[in-house]
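Here the structure is laid out as structure tokens; the discussion comes afterwards.
Please read these numbers as outputs of a predicted model, since none were measured by experiment. Counting starts at 1 for both ligands and their atoms, following the listed order. Side chains included, hydrogens not; waters and symmetry mates left out as well; all remaining heavy atoms used.
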Amino acid sequence: MSKKVLVLGEAREGALRNVSYEAIAAAKTISGGGEVVSVLLGDSVKDLAGELVKFGADRVITVEHPHLKQYTSDGYGQAILAVIEQESPEAIVFGHTALGKDLSPKIASKLQIGLVSDVTSIEGEGDDAVYIRPIYSGKAFEKVKVKNGIQFITIRPNNIAPLVKDDSKTGDVTSLSVDITSLRTIIKEVVRKSSEGVDLSEAKVVIAGGRGVKSEEGFKPLQELANVLGGAVGASRGACDADYCDYSLQIGQTGKVVTPDLYIAAGISGAIQHLAGMSNSKIIVAINKDPEANIFKVADYGIVGDLFEVIPMLTEEFKKLKVNA
Ligand SMILES: Cc1cc2nc3c(=O)[nH]c(=O)nc-3n(C[C@H](O)[C@H](O)[C@H](O)COP(=O)(O)OP(=O)(O)OC[C@H]3O[C@@H](n4cnc5c(N)ncnc54)[C@H](O)[C@@H]3O)c2cc1C
């Protein structure tokens, strides 16, 4: 049976996040030929709706309100529940982002439905959809089938490929007026620690440094390589604990989970808690002085050497390739 699937789009500072398009692709699979309805919440988001249609949404519903400018679970919760009540979807897809992780259990509990979180791929489609999600910090995968009720899933960013953009595609964009009331919290201001560069959780290339980087200064060659490759810098908890970099860069079980096309681990030993955050990356390159380092067990390419020699060499070679491309 084909389904109507509701997808929550995410925008930050006036731009849609990639996970919005990935969620539409997941929704298409789940819908089994049914309808994919994207939802955008914010204070001024209507102009972004067209992009969601071009990436596969059949129509878009926007809810605009000054209280939706910044995410709060109260505000977004009220808005999305109003859309769900209007649309009665058979399935719902959120990104497994900071926002999605916070909001999805609250919505599931309000609706008294189950939640399949952190889905990395989907087998089958429509009623036959089976959701695959990593468990035990990525050491095993679980296959989940929802037998009845609304299918509610969150998808891990960078795992499900977006559909090819179709600039000629059109679809209805409507707005729903929701009276956002009784907020228990109001965000006055968001002060970003690092506002520049590529968003680590969505980066296609991540250059991560560990305790082997030895100092804050030691991260500079990694940043240079990231700049050349259009990527983001990440870190192990070892590097964060040693105060070489900010905790917002931490990747792993208690940090961010990333799945870039290319992950370069420099001076990282490969503790299980670190692997939990990066082992699903498509290509892993490890640079470590110790040939026995655990990181080489998950690496597609291993370089035994000093990162302070290897990283600048890579940067120079990539620069040459870019000039000659
Ligand atoms: C509950 C819990 C949660 C945790 N969560 C996380 C998490 O989310 N993320 C995380 O990363 N860790 C996490 N940890 C910590 C984890 O167990 C490790 O301690 C940590 O990942 C080690 O960081 P590291 O690899 O940078 O440091 P180390 O283990 O000290 O490794 C440094 C590596 O650098 C290499 N090296 C040194 N100098 C050079 C050089 N010049 N060139 C090349 N290589 C060099 C060394 O050979 C070594 O392999 C957690 C631990 C616990 C208990």
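In this structure, Lys256 has no side-chain hydrogen bond (donor to acceptor under 3.5 Å, both in side chains) partners at least two apart in sequence or on a different chain. Applying the salt bridge (Lys or Arg N to Asp or Glu O under 4.0 Å) rule to Asp300 yields no partners; only residues at least two apart in sequence or on another chain are considered. With sequence neighbours left out, the side-chain hydrogen bond (donor to acceptor under 3.5 Å, both in side chains) criterion links Tyr76 to no other residue.
There is a side-chain donor-acceptor pair under 3.5 Å between Gln250 and Thr254. There is no side-chain donor-acceptor pair under 3.5 Å between Thr181 and Asp179.
Protein residues lining ligand 1, listed by chain and number: Gly210, Arg211, Gly212, Lys214, Ser236, Arg237, Gly238, Gln250, Ile251, Gly252, Gln253, Thr254, Gly255, Gly267, Ile268, Ser269, Ala271, Gln273, His274, Asn288, Lys289, Asp290, Gly305, Asp306, Leu307, Phe308 [non-hydrogen atoms, distance under 4.0 Å].
Distance NE2/His65 to OG/Ser44: 14.0 Å, rounded to 0.5 Å.
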